[in-house]
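Every chain is numbered from 1, with letters handed out A, B, ... down the list of sequences.
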Amino acid sequence: CAPELCILLKMDEDEDDADWDTSSGSSAPASTGGGCSDGSRRVVLHFDLDCFYAQVEMVRNPALRDVPLGVQQKYIVVTCNYVAREYGVTKLMSVTAAKEKCPQLVLVKGEDLTHYRETSYKVTELLMSYCPLVERLGFDENFMDITEIVNGKIREAPVTDYCFSGHVYNCQAAGVRASEYPRLAVGSQIAAELRGALHSRLGLTSCAGIASSKLLAKLVSGAHKPNQQTTLLPKYTGDIIGSLTGLRQIPGIGYRTGEKLKALGLLAVRDLQVFHLAALAKEFGEANAQRIQNLAHGIDESPVTPSGPPQSLSDEDSFKEISTVTETVKKLEDLLTSLLERMHKDGRQPSTFRLTIRRFSSTDRWFSRESRQCPIPIHIGQKVISGSSEALPQLVSIGIKLFHKLIDTSAPFHLTLMNVCFSNLLSRRDTKGSIKSFFTAKSPSRQDKKVTRVSSSTARNVFFFLFVFIYLFIYLFFSSLLDEIVQHKPSVLLEAVPIVRLKVVERRHKGEMLPSQQKKIPDFLLPEHIQKEIIPTFHTAVFQHIPPVESRPGAMCSLHDHPLSTRDTEGLNVPRPSSLGVNAACPPNVDPRVFSELPPDLQQELLSEWKQQKPVLKIPSKKVVKGGSTKEKKTTGQPSQANNLLKYFKPN
DNA sequence: CAGGGGTGAT
DNA sequence: ATCACCC
Ligand SMILES: Nc1ccn([C@H]2C[C@H](O)[C@@H](COP(=O)(O)OP(=O)(O)OP(=O)(O)O)O2)c(=O)n1
Ligand SMILES: [Mn+2]
Ligand SMILES: [Mn+2]
């Protein structure tokens, strides 16, 4: 095993987080550290807003505070406030059933998610202002890994007198020996502080769970329901897992898995805990079997993964019936108008467009959706950014083509849903990028992560094989799709998987255009090309796995010093740990600690690469904005702050 | 298997 | 492109 591989692999591993397992005899992973009572575990927070959509409506209209309130989407009550819940109204109840339970129920329409989405990002942003390691789940939940913050606090300001804020699972709050769990106790104080901030700054109440993993934090956050928080001590892991009344209550076990497990005769959590792993693996595969059985034991090592800005924006509408092309086009226009507005405000450039439909069929084989997607030509994507009014008709036109790929309009059709989605969202860095951007000190943007993942967890000598394998897989199963992509304009290739993108970027740099009739995938399989690619991607992997210092759990800022602070929107991308007294020749765009561990030949490569790129970086990109007069019909409002990676996390 | 969203794996 | 998961 090459040294550099060991480094990278090590960083891929999670911290030891083996949770206390009360159950007997099963092949749970061995607990790693063994010894210490509190020391090596993570401290993870989970926040969940109370009756989220209803609460947003109550903030907008305080008169709704004291009445039973439901939020209605079409004919279902998607959620309701706690006044309504006392009448027996539940989430996802039909309007008629809800009105039966509570005739005075006040309903507000909630099909438009704008206000909920905006509030949602304000919450995430406020949490991130305290600690950037925040992962969103849906619109109303956030995980936060505060391990390093807690460790730092205890190190700097050791206290003899720890105590918990809020509930402690299975315990009388007062009587807990908090000093035995200093890290969880501190975690509960932080959770309380953050919930207080959410309330004072945004007027929102929430629940929180404090535990050593995402799974347990999430499970325990619901132990005391509105506007409260609960800490789970390790010794009660078995209890909270045991309190679950069905496998479906385990996050990660959904409808399908639940049904498959039922077919295997498994109903209770205990059944899954003790089921023969090999038998489980037959249904779910080795890795998945282990994962869900671990969940049943309360073991979850998955890291808190910062969410960043969304990967896709979509808009949809359901309806009784659309059966004419005219109606279809009108609906397409409406959806796209709204989506384009959101995309424009986002500022990134969409490079993929997808149209999804649902067809009517009575007593459906539980209705599935069908979709077609295509790349968005660059010139149209740019009009979306600039807000040109030309974007709408051109995308409608593309949408109609996709529609015809889905529906044979010479026969009758009956739609009940349409969805439009922009994905493959390119930030400025991604669009301006040439091959040079791969060597920048900035951590790779999410667009490029797939490539770095592969290369980082794989030895170089294995990479060739893997690459060929991946290519063959893509080619065999998606060849028709890729053929279609290649048929179109060359720019179209930008929408493909990052592996493809890297290739294309290089080609365009060299000024080579792809012959449009080139139906086969270009010479991807040629060893020379592959070898050329391995080196750069390997380098980016080195950067990738050294998180920017500001985004590591330890880095924090005081809530009270900078509440809702106006952070540099690029702040998260400025890595650079201060020098740790290592190799003097370390290039400034590489973490010195990593650099010093690399084998000499790789150090050489990085150094020479840096020297070559340095002058090049000074040269402004030749982004000649064609003369004065473009024939833009009209660009709306703000020039869409394109470069802001985190406009989603700004105050207001 | 309801509404209107999101994520990642295959 | 679909499936499975989450809210
Ligand atoms: N299938 C679902 C589940 C949830 N939501 C929306 C409505 C909820 O308001 C919000 C948050 O979901 P929760 O499950 O957290 O429910 P609430 O926040 O409404 O209530 P609670 O106080 O129980 O958390 O997500 C939705 O639209 N469709
Ligand atoms: Mn929730
Ligand atoms: Mn909630």
A.B. asks: May I have the list of side-chain donor-acceptor pairs in residues 44-54 of chain A shorter than 3.5 Å, sequence neighbours left out?
C.D. replies:
unit_1	atom_1	unit_2	atom_2	d
A:H46	ND1	A:S221	OG	2.9
A:H46	NE2	A:E141	OE1	2.8
A:D50	OD1	A:N227	N	3.3
A:D50	OD2	A:T205	OG1	2.7
A:D50	OD2	A:S206	N	3.4
A:D50	OD2	A:N227	N	3.0

A.B. asks: Please state how far atom CD in A:Q249 lies from atom C1' in C:dC6, giving the value in whole angstrom units.
C.D. replies: 16 Å
A.B. asks: Measure from CG on A:L355 to C1' on C:dT2 and round the result to the nearest Å.
C.D. replies: 15 Å
A.B. asks: Closer than 4.0 Å, any side-chain N/O of A:R117 to the OP1 or OP2 of B:dG6?
C.D. replies: yes
A.B. asks: State whether A:R358 places a side-chain N or O below 4.0 Å from either non-bridging phosphate oxygen (OP1 or OP2) of B:dG3.
C.D. replies: yes
A.B. asks: Counting the atoms with a prime plus P, OP1 and OP2 as sugar-phosphate, which does A:Y75 contact under 4.0 Å by heavy atoms, base, sugar-phosphate, or nothing?
C.D. replies: sugar-phosphate
A.B. asks: Can a side-chain donor-acceptor contact be found between A:T96 and A:S94 if the only test is distance below 3.5 angstrom?
C.D. replies: yes
A.B. asks: Could you please name the option among B:dG3, B:dG6, C:dC7 that lies closest to any side-chain atom of A:Q73?
C.D. replies: B:dG3
A.B. asks: What interatomic distance, in whole Å, is found between C1' of B:dC1 and the corresponding atom of C:dC3?
C.D. replies: 14 Å
A.B. asks: Who passes side-chain contact (heavy atoms from CB on, under 4.5 Å) against A:S318, sequence neighbours left out?
C.D. replies: A:K74, A:R358, A:L417
A.B. asks: Under 4.0 angstrom, heavy atoms only, what part of the nucleic acid is A:K218 near: base, sugar-phosphate, or nothing?
C.D. replies: sugar-phosphate
A.B. asks: Identify which nucleotide among B:dC1, B:dG6, C:dC5 has an atom closest to any side-chain atom of A:R256, counting heavy atoms from C-beta outward.
C.D. replies: C:dC5
A.B. asks: Output the rounded distance in Å from CD1 (A:I292) to C1' (C:dC6).
C.D. replies: 16 Å
A.B. asks: Rounded to the nearest 0.5 Å, what separates atom CG in A:L332 from atom CG in A:L355?
C.D. replies: 6.0 Å
A.B. asks: Taking ring pair (Phe, Tyr, Trp, His ring centres under 6.0 Å) as the definition, give me every residue that meets it alongside A:Y82, ordered by chain and number, with sequence neighbours left out.
C.D. replies: none
A.B. asks: Which is more 5' along DNA chain B, the nucleotide nearest A:S312 or the one nearest A:L417? Just name the residue.
C.D. replies: A:L417
A.B. asks: If you check every side-chain atom of A:E111, which of B:dG3, C:dA1, B:dG8 has the closest atom?
C.D. replies: B:dG3
A.B. asks: Quick one: A:F319 CZ to B:dG4 C1', roughly how many Å, whole number?
C.D. replies: 13 Å
A.B. asks: A:L339 has an atom CG; how far is it from atom P of B:dG4, in whole Å?
C.D. replies: 15 Å
A.B. asks: Assign A:D315 to base, sugar-phosphate, or nothing according to its heavy-atom contacts below 4.0 angstrom with the strands shown.
C.D. replies: sugar-phosphate
A.B. asks: What does the 5'-to-3' dot-bracket notation of DNA chain B look like when only Watson-Crick and G-U wobble pairs under 3.5 Å count, and pairs to other strands show as |?
C.D. replies: ...|||||||
A.B. asks: So, the side chain of A:Q72 versus the backbone of A:L107: is there a donor-acceptor pair under 3.5 Å, distance only?
C.D. replies: no
A.B. asks: A:R354 near the nucleic acid: base, sugar-phosphate alone, or nothing, with a heavy-atom cut-off under 4.0 Å?
C.D. replies: base
A.B. asks: Rounded to the nearest 0.5 Å, how far does CZ of A:R369 lie from CD1 of A:I357?
C.D. replies: 11.0 Å
A.B. asks: Within the structure, does a side-chain N or O atom of A:R136 lie under 4.0 Å from either OP1 or OP2 of B:dG6?
C.D. replies: no
A.B. asks: Counting heavy atoms from C-beta on, name the nucleotide in C:dT2, B:dG5, B:dC1 closest to the side chain of A:Y255.
C.D. replies: B:dC1
A.B. asks: Once you round it to whole Å, what is the distance between C1' of B:dG5 and CD of A:E316?
C.D. replies: 6 Å
A.B. asks: Sequence neighbours left out, what passes side-chain contact (heavy atoms from CB on, under 4.5 Å) with A:E283? Give chain and number order.
C.D. replies: A:K260, A:L264
A.B. asks: Nearest nucleotide by nearest heavy atom, which residue falls closer to the 5' end of DNA chain B, A:N288 or A:Q311?
C.D. replies: A:Q311
A.B. asks: Looking at B:dG4, I'd like to know if its phosphate oxygens (OP1 or OP2) sit under 4.0 Å from a side-chain N or O belonging to A:S314.
C.D. replies: no
A.B. asks: Quick one: A:E259 CD to C:dC3 C1', roughly how many Å, whole number?
C.D. replies: 16 Å
A.B. asks: Please work out if A:G110 contacts a base, only the sugar-phosphate, or nothing of the nucleic acid, heavy-atom cut-off 4.0 Å.
C.D. replies: nothing
A.B. asks: Look at A:T257 and C:dA4 and indicate whether a side-chain polar atom (N or O) is within less than 4.0 Å of OP1 or OP2.
C.D. replies: no
A.B. asks: Which residues satisfy the ring pair (Phe, Tyr, Trp, His ring centres under 6.0 Å) test with A:H414, sequence neighbours excluded?
C.D. replies: A:F360
A.B. asks: With a non-hydrogen cut-off below 4.0 angstrom, is A:I250 in contact with a base, only sugar-phosphate, or nothing?
C.D. replies: sugar-phosphate
A.B. asks: A:R291 near the nucleic acid: base, sugar-phosphate alone, or nothing, with a heavy-atom cut-off under 4.0 Å?
C.D. replies: nothing
A.B. asks: From the set C:dC7, B:dG4, B:dG6, return the single nucleotide nearest to any side-chain atom of A:F139.
C.D. replies: B:dG6
A.B. asks: Would you mind reading off the distance between A:L137 atom CG and B:dT7 atom C1', rounded to a whole angstrom?
C.D. replies: 9 Å
A.B. asks: Using a 4.0 Å heavy-atom cut-off, does A:Q72 contact any base of the nucleic acid, only the sugar-phosphate backbone, or nothing at all?
C.D. replies: nothing
